[in-house]
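Taking it in order: structure first as structure tokens, then the write-up.
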Amino acid sequence: MDDQEQLTDNARAPAQKRRISFRRRLAYIAFVYLIFVLILVAVEVFTRLKMPHVSSLDLFVVTSQQKAQVADNEHVGIFEGDPLLLWRLKPNLDNVYWDYTVVSTNSDHLRVVNPSQSVQGKRAGTIRILCLGDSVTFGYRVPPVWPDKLNDYDREWLPYPRLLEKQLSTANPGRKVEVITMAVPGYTSHQGLAWLSRDIDWLQPDLLIVSFGWNDTSFSDVPDREAIKTNRMAVAVRWLIDHSQAFAHATHWLRNRELKNQPAGTGVRQPPVARVSQEEYLQNMIAIEELTRMHGAQVIVIGAPYRDTSPSAPEGPSMLRYRQALSAAMSQAGVPYLEILELTEAAYPANEGWFGERIHPNHMGHRLMTSELLKLIAAKRLLPELMIPEFVP
């Protein structure tokens with residue numbers, strides 16, 4: 001080795017000694033991330049201990065129409081924030097009074113008779129029916145309950161999902177029949193599609209009964225496609241708000257700052273729009289049907305009940321148009337469709353006895369829905385494994 005090579009090797013030696021091994025670099029990176037995580041944890045703990053709780057429901061529900069339905073002082077008691085759907089029923093409610101309705105829920109955020117009735121993976125031999133919908137399917141004021149007489153109501157006055165389960169179980173004593181009330185007040189077909197897409201894989205229904213309408217037609221500041229974005233980024237951000245009080249406080253502060261910094265009179269108030277347009281409504285209902293068929297289940301689509309088209313109800317004409325368009329679309333697709341004359345404006349005023357008010361059928365209306373559903377299930381042989389009973393409303 002000559003002198004020049006010796007000098008080159010000597011120059012390389014310090015650089016080689018200074019080179020950091022992969023394990024050490026990995027340890028340094030892990031240490032930095034650990035410090036970062038510890039800071040985040042400290043901020044979260046401080047926020048939870050020292051600052052008032054910020055409800056994710058208040059941050060998720062922002063339009064005036066949504067607030068009127070689920071975020072006022074009377075309604076907020078049974079709802080909580082949901083990263084995908086904005087709101088859902090609180091879990092494990094036990095005979096809680098809400099708007100002339102007694103509500104019990106299970107750990108899956110579903111309305112049930114007994115809070116211990118959690119939904120498990122479907123067992124072999126079980127027939128499972130999902131009833132997907134809004135406050136009609138939920139059973140708003142069925143039965144009606146007064147706040148000073150919380151135990152004074154008829155236990156036989158049941159929403160149609162409960163009546164279906166009772167009738168089918170009685171007629172088939174050797175079979176396990178489950179009817180799941182997959183319904184929340186205020187939901188539109190936009191939320192119903194997102195919910196079903198998320199949960200249908202593990203629910204594994206044999207039959208889906210779906211009904212949406214009034215909330216889709218109701219007017220709002222912005223349509224649901226903007227107010228309830230269901231892409232991954234939007235859901236991830238709402239998940240952080242729902243699980244982190246520090247993130248929730250930061251979001252709340254940023255929103256208030258934006259409102260304060262907005263110059264007075266610069267905001268242009270947009271005219272109200274339907275939460276879900278007629279075209280989107282049909283697309284959502286068709287997508288719900290196609291998704292269910294892809295999972296090997298049968299489908300029944302119910303035309304949304306509505307009592308009359310009073311001039312005082314701006315959604316009345318839209319309800320008729322949406323239902324007529326839905327009927328035509330389902331007929332063209334060959335999907336079993338149920339429209340009960342007595343529960344539509346065509347039968348007004350003779351149909352008043354089937355309704356609690358303009359939007360929601362009363363317990364007799366739900367008995368009528370049960371009777372007509374059982375007739376349709378039998379006629380179309382949608383559940384050939386079961387004996388389908390006759391039921392007189």
Side-chain angles (χ1 to χ4, degrees), residues 53 55-82 84-119 131-163 165 179-188 191-192 195 211-216 218 220 228 242 275 304-305 307 355-367 369:
H53 179 79
S55 168
S56 62
L57 184 69
D58 293 336
L59 295 176
F60 294 165
V61 177
V62 294
T63 69
S64 57
Q65 199 272 346
Q66 292 171 358
K67 288 180 179 180
Q69 286 190 305
V70 302
D72 60 35
N73 292 331
E74 181 179 3
H75 294 74
V76 72
I78 69 166
F79 297 107
E80 66 179 18
D82 182 87
L84 176 64
L85 307 168
L86 296 198
W87 68 90
R88 63 188 176 191
L89 297 173
K90 288 181 179 179
N92 304 313
L93 299 176
D94 190 1
N95 290 315
V96 173
Y97 173 80
W98 168 73
D99 203 358
Y100 300 96
T101 312
V102 168
V103 180
S104 294
T105 61
N106 60 14
S107 58
D108 305 297
H109 307 267
L110 302 171
R111 188 182 183 188
V112 293
V113 176
N114 185 347
S116 65
Q117 296 174 326
S118 63
V119 179
C131 295
L132 179 68
D134 50 26
S135 54
V136 171
T137 300
F138 170 83
Y140 176 74
R141 295 184 180 178
V142 179
V145 179
W146 276 257
D148 57 339
K149 300 178 180 179
L150 293 181
N151 294 312
D152 188 12
Y153 63 91
D154 194 328
R155 269 65 175 178
E156 297 300 313
W157 291 9
L158 299 172
Y160 79 81
R162 298 276 65 80
L163 287 172
E165 183 175 80
V179 180
I180 298 172
T181 305
M182 200 173 174
V184 174
Y187 272 20
T188 63
Q191 290 162 295
W195 190 3
S211 178
F212 290 99
W214 186 84
N215 296 304
D216 292 73
S218 61
S220 181
I228 313 176
D242 192 45
R275 286 182 61 187
R307 189 186 65 189
F355 283 86
E357 28 66 42
R358 180 177 292 118
I359 304 168
H360 301 96
N362 58 19
H363 76 282
M364 288 301 297
H366 278 262
R367 290 179 65 87
M369 293 178 74

Partners meeting salt bridge (charged side-chain N to carboxylate O under 4.0 Å, His left out) with R358 (sequence neighbours left out): D308

Side chain proximity check, W98 to P185, heavy atoms < 4.5 angstrom: yes

W87 and Y187 aromatic centres sub-6.0 Å: yes

Heavy-atom closest contact (H366 atom, P159 atom, distance): ND1-CA, 3.4 Å

Set of residues satisfying side-chain hydrogen bond (donor to acceptor under 3.5 Å, both in side chains) with respect to R162, sequence neighbours excluded: E165, T181

Plane angle bin for W146 and Y100 - parallel if under 30°, tilted between 30 and 60°, otherwise perpendicular: perpendicular

Closest non-hydrogen atom pair between S107 and S118, with its separation: OG-CB, 3.7 Å

Set of ring-ring contact (aromatic ring centres under 6.0 Å, His included) partners for F212, sequence neighbours left out: none

S104 side chain reached by L93 side chain, heavy atoms, under 4.5 Å: no

Within-4.5 Å side-chain heavy-atom neighbours: P305 and F355: yes

N151: side-chain hydrogen bond (donor to acceptor under 3.5 Å, both in side chains) partners, not counting sequence neighbours: none

S116: side-chain hydrogen bond (donor to acceptor under 3.5 Å, both in side chains) partners, not counting sequence neighbours: N114

Donor-acceptor under 3.5 Å (R111 side chain, F138 main chain): yes

Nearest non-hydrogen partners of G133 and T137, listed with the distance: CA-OG1, 3.9 Å

Interatomic distance, C131 atom SG to M182 atom CE [nearest 0.5 angstrom]: 11.0 Å

Test side-chain contact (heavy atoms from CB on, under 4.5 Å) applied to D242 - qualifying residues, sequence neighbours left out: S56, F60, P83

For V119, side-chain contact (heavy atoms from CB on, under 4.5 Å) partners two or more places apart: N106, D108, L110, R128, I180, W202, L203

Whether T105 side chain and N92 backbone form a donor-acceptor pair below 3.5 Å: yes

Donor-acceptor contact below 3.5 Å, side chain T101 vs main chain R141: yes

Test item: W214 and V136 side chains (from C-beta on) under 4.5 Å apart, heavy atoms: no

Under the side-chain contact (heavy atoms from CB on, under 4.5 Å) test, residues paired with L150 that sit two or more places apart: Y97, V145

Within-4.5 Å side-chain heavy-atom neighbours: R275 and Q191: yes

Expected output: side-chain H363 to main-chain V142 donor-acceptor under 3.5 Å: no

Set of salt bridge (charged side-chain N to carboxylate O under 4.0 Å, His left out) partners for R88, sequence neighbours left out: E80, D82

With sequence neighbours excluded, residues passing ring-ring contact (aromatic ring centres under 6.0 Å, His included) with H360: Y140

Partners passing side-chain hydrogen bond (donor to acceptor under 3.5 Å, both in side chains) against T188 (at least two apart in sequence or in another chain): D224

side-chain contact (heavy atoms from CB on, under 4.5 Å) partners for V62, two or more places apart: R255

